[in-house]
Structures are given as structure tokens and as C-alpha cells.
Asks: 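Below you'll find the structure I mean.
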There are 2 protein chains.
Amino acid sequence: MLFKIDTETTSRPAGRIRQKNESIILRAAEIEFAAAGFKGASMNDIAQRAQLPKANIHYYFKNKLGLYMAVISDIIALWDSTLNAITPDDDPYEVLSHYIARKIRFSAENPLASRIFASELVNGAPNMKEYFREDYNLWFKGRTEVFRAWAEQGKIDAAVTPEHLIFLLWSSTQHYADFAVQIKAALGKEELDDADYQNATDTLTHIILKGCGITK
Amino acid sequence: MLFKIDTETTSRPAGRIRQKNESIILRAAEIEFAAAGFKGASMNDIAQRAQLPKANIHYYFKNKLGLYMAVISDIIALWDSTLNAITPDDDPYEVLSHYIARKIRFSAENPLASRIFASELVNGAPNMKEYFREDYNLWFKGRTEVFRAWAEQGKIDAAVTPEHLIFLLWSSTQHYADFAVQIKAALGKEELDDADYQNATDTLTHIILKGCGITK
DNA sequence: GTCTATAGAGTGATAGAC
DNA sequence: GTCTATCACTCTATAGAC
């Protein structure tokens, strides 16, 4: 997607030290932003977690927003790519079961990224206005065409609106990262293990595929 | 559920003025907290939106957290009640299609409440630790029993894990409030209308009920 | 009950010595 | 490249006049 942000302070090729420090800062920022949102996180806390002086962060990143966008842009790239791979010629059963498994795995492995994205959206996406411009609608329309083609080929129930099926795929899988606290409390566990994620994947796959009338 | 918070400054019975001002403040706070999260929202902005002096808010509510909890406790009460009404003797088809419709309607009518709750959870629920205590696990277990009973009566596919079915019901319906920005951008609409919500309800009901093997 | 005026802590950001 | 010291500002919260 078309969504570029200036995150570098200088235009010089990254030196070894720079590269290392930037990645340390980004990792620290990811944790802080995930825990408190954009406004809630403080440069001070990020600096402390990165074990670097506050001014050092301002040397590597233009300002707080620049750092935030640097963290978020990585997440967005991952997001878009998941749906883009699907074409009308694919087998719905194969593709969707793969998609569900992949998104749940992503939720399990990158919970912080998911949560920062979710936090941004829940608050009305004030820092991502350009991302949700007109072309987002066009891109999404293109993606629904795939499901519509499947419906015309009788591979999916006519009662299923492609748009809302996509929303269902997104919501049900992201939920395991975004609402992890509630899920852990409900299941009475400190952390979710592989069996939990497998269970989630199996149940979601069963319900969604069968519910859409997609057969193997 | 057992989750009480002191929100009042005094213990006196609420006077007419007090009642009116508190509700004005609560409404303003709801908007601000939904837009920026707990830390991101400022008492100043809340006061300005309520058209009251900042100190006035501190007179009615103990502090920022107290105000926040007053907003949140209303939401929680609504949340719990939805699942509590279900019993094993109910007809799964009736109950679940009702549940889905009701939760989507709630997302449509109370998007701010949903988003504040979501924002709190996404950030690790720092202000709701007591809510997600041991009894939450017990309460949730009790709710899963209903679905398990249905499964034993052959009313639900054995492949469906009750826990994850509940998570699916939550995530898919809340999504329309929490991620409204993304949904509107995807559909290319300024606001979602009744037809959109009806469409969402129909598609979700079809997929989830059929996917669970629940027949009318 | 109401509101002005301000305290005191914390914020993002930068100048300038090293 | 690095980091101390500091600025200007905003935050929550309260004292005290009305």
C-alpha cells in the first residue's frame, strides 16, 4: 500500500552503531506504546527501557510521532500482505484455513504489534489518516471481488457477504492478541500455550469454513 | 459480577444539580477517554467539553481514575448481563441469533463504551485488575458449561470448543464498534447505516450457527 | 456549591559541552 | 556520536476567595 513516512533524521546510510541503537530503541518503543498507547507512552520510559539517554532517541528519530510511525509502519506491511496473496483461482478451503492459521500465529508471535495497531484504530486512528484514504477502499473492494467470484462459482454460500466475512476473519484472529488479558483471565492461565492456539485455530477454521459452505 | 468502585466524593444523597452535572461530566469524559485512552485524555479537555471549570470536575469526582472508573463501570454491567441470561435448556438457535443481533446493536448504539473497554483491555487492563480476578475464570467456566451441555445433547458440533466459540461471539460483534474507522474506510462510507448492521448480523448469524451445526 | 489561581510533577524537545 | 542540563509547556490536583 501507499503509505510512506520519514522516520530517519539524517539521509546518511546507516552505520553499524546507528543500526544497532535504532533497533534497540524500536524494540523498547514497541513495548511502551503497546502498554499505554501513543499519548500514554513517554519518551522518558522508552529511553529508560532502551538504557539510553533521552536525547539519544531524539538524535535517531525526529520526534515522538516519527518514532511511533517507525514502529507502526512495520506492522502495516505485515498486515496488508496477508490478504494480497489470495486470488479467485485459489481453492477457498486451502486458502482460508491457511489464512486463519497464519493470522492466529501472527497474533501469538507478535502480540505487541497487533495491540499497537488496535490501540491506534480504537482511538480513531488519528495518526493513520493517510493510510485509510480513498485507495484503501479500492484495495478492499479488490479483495472482496475474490470472495464474490467464489460465490458465483458456488464455492461459498450466497448468504455470506464478502465484506463481512473479511471483517470476521480479521476480528476473530486478531482477538487473541488484542484481548489477551481477558482471554487469559477467562481461561485462568498465566500465558496461552501452543495447545490453546491450536484449539483456537481448529475451532475458528471449523466454524468459518463450514459456516460459509466451503467443502474440502 | 463483584466489581465495585468508589466514585462519589461525598456520601450525601445526590441533589438535583449534582445529578445533572455528574451526567454532563460523564458524557464528556466518555468521549474524551474513547478518543485517547485513559492517559491520553486530559481533565482539561473533559472540562472544556462539559463546559465546566476544571476544578468543578474534581469536586464531583475524587480524581481522574475515579472518573474513569465511573465511566467504565457502566459499561461492564452491560457486558456481563448479555451472557448471563443463557441457560442449557434454551434453544441454541434462538439464543445465539438473539445474542449476535443484540451485541451488534449494542456496538452500533454504544460505540464509545465499547471502545473504552477495548482500549483498556488492549493496554493490558491496568485499571481493571480486580475485575479479572479468580472469580472471572469461575464465571466464564459456568458460561462454557451451557455450550458443553448443548454439545452433549448433540445440538452443537463436537469440533467446536465452547471457550473459543464465546471468544468468536465477542470478537466478531465488538469489532464493529472497536474498529469502526477501518470498517468505514474499507466500505468507503462516512457512517454505517442500518443496512450495514443488518448485513453484518445476517452474515455473522449464518456463518456461526451453520458453522456450529446448529439447525433451526 | 462554584471557580480562580497556582502548586508541583512530568512532558517533549534542544542547546551545547564533551 | 554521545549525553548533561535545561527550557517551555502541559498535566493533575488543590487551596482558598466568593
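Convention: sequence-line order gives letters A, B, ...; per-chain numbering from 1.
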Asks: Within this structure, what is the CD1-to-C1' distance between Ile57(B) and dT2(C), rounded to whole angstrom?
Replies: 13 Å
Asks: Quickly work out the Ile46(B) CD1 to dA13(D) P distance and round it to whole Å.
Replies: 11 Å
Asks: Tell me every residue that passes ring-ring contact (aromatic ring centres under 6.0 Å, His included) with His175(A), counting only those two or more places apart in sequence or in another chain.
Replies: Phe179(A)
Asks: In residues 47-56 of chain B, what residues come within less than 4.0 Å of DNA chain C, judged by heavy atoms?
Replies: Pro53(B), Ala55(B), Asn56(B)
Asks: Heavy atoms from C-beta onward define the side chain here; which of dG12(C), dT2(D), dC11(D) lies closest to that of Ser42(B)?
Replies: dC11(D)
Asks: List in chain and number order the residues that pass salt bridge (Lys or Arg N to Asp or Glu O under 4.0 Å) with Arg49(B), two or more places apart in sequence or in another chain; answer none if no residue qualifies.
Replies: Glu32(B)
Asks: What integer distance in Å separates Arg16(A):CZ from dT2(D):P?
Replies: 13 Å
Asks: Check whether any side-chain N or O of Tyr59(A) sits under 4.0 Å from OP1 or OP2 of dG1(D), and answer yes or no.
Replies: yes
Asks: Can you list everything that forms a salt bridge (Lys or Arg N to Asp or Glu O under 4.0 Å) with Lys189(B)? Sequence neighbours excluded, please.
Replies: Asp193(B), Asp196(B)
Asks: Rounded to whole Å, please give me the gap between NZ in Lys39(B) and P in dA9(C).
Replies: 16 Å
Asks: Would you compute the distance between atom CD1 of Ile208(B) and atom OH of Tyr99(B) and round it to the nearest 0.5 angstrom?
Replies: 10.5 Å
Asks: To the nearest Å, how far apart are Lys62(A) NZ and dA13(C) P?
Replies: 10 Å
Asks: Please set out all donor-acceptor pairs under 3.5 angstrom arising from side-chain atoms of residues 113-120 of chain B, sequence neighbours excluded.
Replies:
| from | atom 1 | to | atom 2 | distance (Å) |
| --- | --- | --- | --- | --- |
| Arg115(B) | NE | Ala177(B) | O | 3.0 |
| Glu120(B) | OE1 | Tyr68(B) | OH | 2.5 |
| Glu120(B) | OE1 | Asn127(B) | ND2 | 3.4 |
| Glu120(B) | OE2 | Asn127(B) | N | 2.7 |

Asks: Respond yes when some side-chain nitrogen or oxygen of Asn63(A) is under 4.0 Å from OP1 or OP2 of dT14(C), and no when none is.
Replies: no
Asks: According to side-chain contact (heavy atoms from CB on, under 4.5 Å), who are the partners of Thr144(A), at least two apart in sequence or on a separate chain?
Replies: Phe140(A), Arg148(A), Pro162(A), Glu163(A), Ile166(A)
Asks: Establish, with yes or no, whether the OP1 or OP2 oxygen of dA13(D) is under 4.0 angstrom from a side-chain nitrogen or oxygen of His58(B).
Replies: yes
Asks: Rounded off to whole Å, could you give me the CG-to-C1' distance for the Leu67(A) and dA13(C) pair?
Replies: 14 Å
Asks: Could you list the residues that satisfy salt bridge (Lys or Arg N to Asp or Glu O under 4.0 Å) with Glu191(A), not counting sequence neighbours?
Replies: Lys184(A)
Asks: Taking DNA chain D as the partner, which of residues 23-34 of chain A come within under 4.0 angstrom of it by heavy atom?
Replies: none
Asks: Within the structure shown, what part of the strands sits under 4.0 Å from Asn21(A) by heavy-atom distance: base, sugar-phosphate, or nothing?
Replies: sugar-phosphate
Asks: For a quick check under 3.5 Å, do Asp202(B) and Thr205(B) share a side-chain donor-acceptor pair by atom type?
Replies: no
Asks: Rounded to whole Å, how long is the line connecting atom CE of Met43(B) with atom P of dG10(C)?
Replies: 18 Å
Asks: Separation of Asn44(B) atom CG from dA5(C) atom C1', in whole Å?
Replies: 14 Å
Asks: Quick one: is Tyr60(A) getting a side-chain N or O under 4.0 Å of the dT2(D) phosphate, OP1 or OP2?
Replies: yes
Asks: What pairs of residues pass the ring pair (Phe, Tyr, Trp, His ring centres under 6.0 Å) test when at least one of them lies in residues 180-209 of chain A, not counting sequence neighbours?
Replies: none
